[in-house]
Amino acid sequence: MPELPEVEVVRHGLRRWLTGGTIGAVTVLHPRSVRRHLPGPADFADRLVGRNVTEVCRRGKYLWMPLDSGDALLAHLGMSGQLLLQPPGHEPERHLRVRLGLDVPPDAAERELRFVDQRTFGHLLVDRLVPDDAGVGLPAVIAHIARDPLDPAFDDDAFALALRRRRTGVKRALLDQSLISGVGNIYADEALWRSRTHWARPTERISAPETARLLEAVRAVMREALAEGGTSFDSLYVNVNGESGYFERGLNAYGRRDLPCGRCGTPIRREVFMNRSSFSCPKCQPVPPAARF
DNA sequence: CCCCTGTCCTGAGCGC
DNA sequence: TGCGCTCAGGACAGGG
């Protein structure tokens, strides 16, 4: 379940291989993986073949590679997506969806970029680059995605104000990628545990200092995960070299139903919210008055 | 405009 | 053994 730290690990791994490389043959093996490329798979391939990759960028959970054409190849890993660099003759993976030939700089070994995705919640598309609010290019289809909390240009004060204007629970707000990006179910639960916040705490009642503590908690859990090389549970997430990125021992709340809270020993509870699991400590994170469920 | 729910997908695990 | 059910959840369309 790749969230910001896992995607950043992938970005970092891809950067060295892709920058300066030229895209060769493109094969779409499963149309669903390019469903958000509205002109269709043939156009997807046409706009990639022969193009030079100039960079590998990320915002939140989105990854994109600007091309010398003014387009970018955009990727979202969804639940189970992987971007693997394999030798061209390597045996096809079970859930291989898209393959992109790659002519890498002359001193590097030949590689093929492969999009592997069991559950097909992830996707690839090609889109034009448009300037963002700082004049740097990002794909037009993700112009609505907020900056992420590790972005130096993330505006903490603006986030605090936007949070207080919302009429919802704090976890729903953390998962809203148009408010703050890169946070998924795992890091939301971890950050809420760390800041001793209940997931249903009404956003309009969250003070500026409390927002600051919450952001600090989000950043701390993400930095810890990055330091470990990315968090994930199942072998569905594999980093760019094909190694599984595990981080279970660093988790304090997520997936720890009935296990003791690391601070107070109270068994961690599991609740269903937004059709997904929320894990929290009943004692450290008590249900707030006027909770928004 | 804002908020929230339903939907997409595959495979593991489990009860009968 | 095999069948059917549940669970995992990111992003967005569309309804209220």
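Every chain is numbered from 1 and lettered A, B, ... according to where its sequence line falls, protein lines coming before strand lines.
- The distance from atom CD of A:Q118 to atom P of C:dC7 is 18 Å, rounded to the nearest whole Å.
- Atom CZ in A:R36 sits roughly 11 Å away from atom C1' in C:dG10 (whole-Å rounding).
- In terms of polar N and O atoms assigned as donor or acceptor, the side chain of A:R119 comes within less than 3.5 Å of the base of C:dA8 in a complementary pairing.
- In summary, A:R270 and A:D258 do not engage in a salt bridge, as defined by a charged side-chain N under 4.0 Å from a carboxylate O.
- Atom-to-atom, CZ of A:R32 to P of C:dG10 comes out at 15 Å; the value is rounded to the nearest Å.
- In the model, A:K61 has no side-chain atom that pairs as donor or acceptor with a side-chain atom of A:S181 under 3.5 Å.
- We find that CG of A:L124 is positioned 18 Å from P of C:dG10, with the value rounded to whole Å.
- At a non-hydrogen distance threshold of 4.0 Å, A:R166, A:R167, A:T168, A:R172 from residues 160-176 of chain A come into contact with DNA chain B.
- A salt bridge (charged side-chain N to carboxylate O under 4.0 Å, His left out) with A:D148 is found for exactly one of A:R11, A:R59, A:R58, namely A:R58.
- What separates CZ of A:R276 from P of C:dA11 is a distance of 10 Å, to the nearest Å.
- Of the residues near DNA chain B, A:F293 and A:H95, the one whose nearest nucleotide (by heavy atom distance) lies more toward the 5' end is A:F293.
- To the nearest angstrom, C1' of C:dC7 lies 17 Å from CD of A:E271.
- Comment: A:E204 does not engage A:R165 in a salt bridge, judged by the lack of any side-chain N to carboxylate O separation of less than 4.0 angstrom.
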So A:R263 and A:R196, side-chain contact (heavy atoms from CB on, under 4.5 Å) or not? Walk me through it.
-> CA-CA 10 Å; A:R263 274 190 304 248; A:R196 296 178 160 88; 3.2 Å; yes
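- Along DNA chain B, the stretch of nucleotides lying under 4.0 Å from any heavy atom of chain A spans, 5' to 3', B:dC3 to B:dG11.
- Nucleic acid contact for A:R292: none, since no nucleic acid atom lies under 4.0 Å from a heavy atom of the residue.
- Nucleic acid contact class of A:Y62 (heavy atoms, under 4.0 Å, all strands): sugar-phosphate only.
- As rounded to whole Å, 16 Å separates atom C1' of C:dG10 from atom CG of A:D148.
- In this structure, A:R35 reaches neither bases nor backbone, as no heavy-atom distance under 4.0 Å exists between it and the strands shown.
- Nucleic acid contact class of A:H144 (heavy atoms, under 4.0 Å, all strands): sugar-phosphate only.
- Between the CE atom of A:M274 and the C1' atom of C:dA8 there is a distance of 15 Å, rounded to whole Å.
- A:V98 and A:L48 fall within a single hydrophobic cluster, where Ile, Leu, Val, Met, Phe, Trp and Tyr are joined by side-chain heavy atoms under 4.5 Å apart, directly or via other members.
- Salt-bridge check for A:D43 with A:R47: passed, with a basic side-chain N closer than 4.0 Å to an acidic carboxylate O.
- Separating the CG atom in A:L102 from the CG atom in A:L85 is a distance of 7.0 Å, to the nearest 0.5 Å.
- Relative to the six-membered ring of A:W17, A:R111 meets both conditions, a distance below 6.0 Å and an angle of at most 45° to the axis.
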